[in-house]
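A quick note: this is a predicted structure, and the numbers were derived from the prediction, not measured. Every chain is numbered from 1, with letters handed out A, B, ... down the list of sequences.
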Amino acid sequence: MRVATWNVNSVRQRVPRLLPWLDERRPDVVCLQELKVTREAFTDLLGAELTARGYEFAVHGQAQWNGVAILSTVGLDDVQAGLPDEPGFPAPADDPEARAVSASCGGVRVHSVYVPNGRTPGSDHYRYKLAWLAALKAAVAAGPEAALVCGDMNVAPADADVFDPAAFVGQTHVTAPERAALAGLESVGLRDVVRDHWPDSRVFTYWDYRAGMFHQDRGMRIDLILASAPVAARVRAAWVDRKARKGTAPSDHAPVIVDLDEAPDGDIGPVVPPPSARPAKN
DNA sequence: ATGTCTGTAGTATACAGA
């Protein structure tokens, strides 16, 4: 099963890139962020094209900003828009921003998330970001054992995940509270599978449009695929599709792609029989 | 040096968010 996540920075603008990319990479499950359209507009734009390619889709959208989706060829069950007890901005929000959608796809609980940017450390928006990450952790902790959290985390997990750590001191995306909030997701069992597979490599997923940042590979790794233990154990490949950042009218983010081995039959993860069922040794 | 791209309002160009 191939799973991908991509912040498309307006799906309306990215249709000419998204459809050829689906045809080339053939992901079974796709998490999209920053749709910047309503569900109705998404369906009008892409419904027929996605259906023709065998995808079901779940969209949590809004006009103008945010918006997340999951596309799947391997089932799309128990769709949930938003997070339980999701904070809003400005708080309290009677109409939370469209930043999370989850569904069960091929036996895995998949979350497509667009974490708030945070803007400036110490700001209201920064506090909202930390509260939002706490709500995401709670949602994952309360969910099934087999889980994937995919999306734009708007946090660089470590200094190796930004092109120049000195340039980011005091900026959002790298502060200790943000990294602690991300580590909170690891404390409920999630693994950063791209970093696990490329422990010493320069790997970025986002490059500012300005000043030739992509050309100079001055980027950040803020789009992550986080997997719970039974899913992380199935990861066969994990990589950033930099080709999608090149060419005409790209998003400023590249897709992240993970290939999973088939799940073991019958259950997830290794099955340890009860002591009474174990053959006696010698 | 604040460089680009996006959506909105509204019809030319300014603003805000990232």
[atom1] of [X] versus [atom2] of [N]: gap in Å, rounded?
X	N	atom1	atom2	answer
A:N7	B:dT6	CG	C1'	11 Å
A:E97	B:dG7	CD	C1'	15 Å
A:H215	B:dT4	NE2	C1'	17 Å
A:R17	B:dT6	CZ	P	12 Å

Under the ring-ring contact (aromatic ring centres under 6.0 Å, His included) rule, what pairs show up with a residue in [range], not counting sequence neighbours?
range	result
residues 212-260 of chain A	A:Y206-A:H253, A:W207-A:F214
residues 139-165 of chain A	A:F163-A:F168
residues 104-123 of chain A	none

Non-neighbouring partners of A:R191 that pass salt bridge (charged side-chain N to carboxylate O under 4.0 Å, His left out), sequence neighbours left out: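 Scan of A:R191 (salt bridge (charged side-chain N to carboxylate O under 4.0 Å, His left out), adjacent residues dropped) gives A:D196.
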
Nucleotides 8-18 of chain B: protein proximity per nucleotide (B base, S sugar-phosphate only, - neither; heavy atom, under 4.0 Å): S--------SS

Residues that A:F57 engages under ring pair (Phe, Tyr, Trp, His ring centres under 6.0 Å), provided they are two or more places apart: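 Result, ring pair (Phe, Tyr, Trp, His ring centres under 6.0 Å) vs A:F57: A:F42.
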
Same-atom distance (P) from B:dA1 to B:dA16, integer angstrom: 22 Å

B:dT4 to B:dG10 separation - C1' atoms, rounded to the nearest Å: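 Their C1' atoms lie roughly 23 Å apart.
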
Phosphate OP1/OP2 of B:dG7 contacted by A:Q13 side-chain N/O (<4.0 Å):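 Checking B:dG7 against A:Q13, a side-chain N or O does come within under 4.0 Å of OP1 or OP2.
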
Taking every non-hydrogen atom, the tightest pair across A:A244 and A:W21: CB-CD1, 4.2 Å

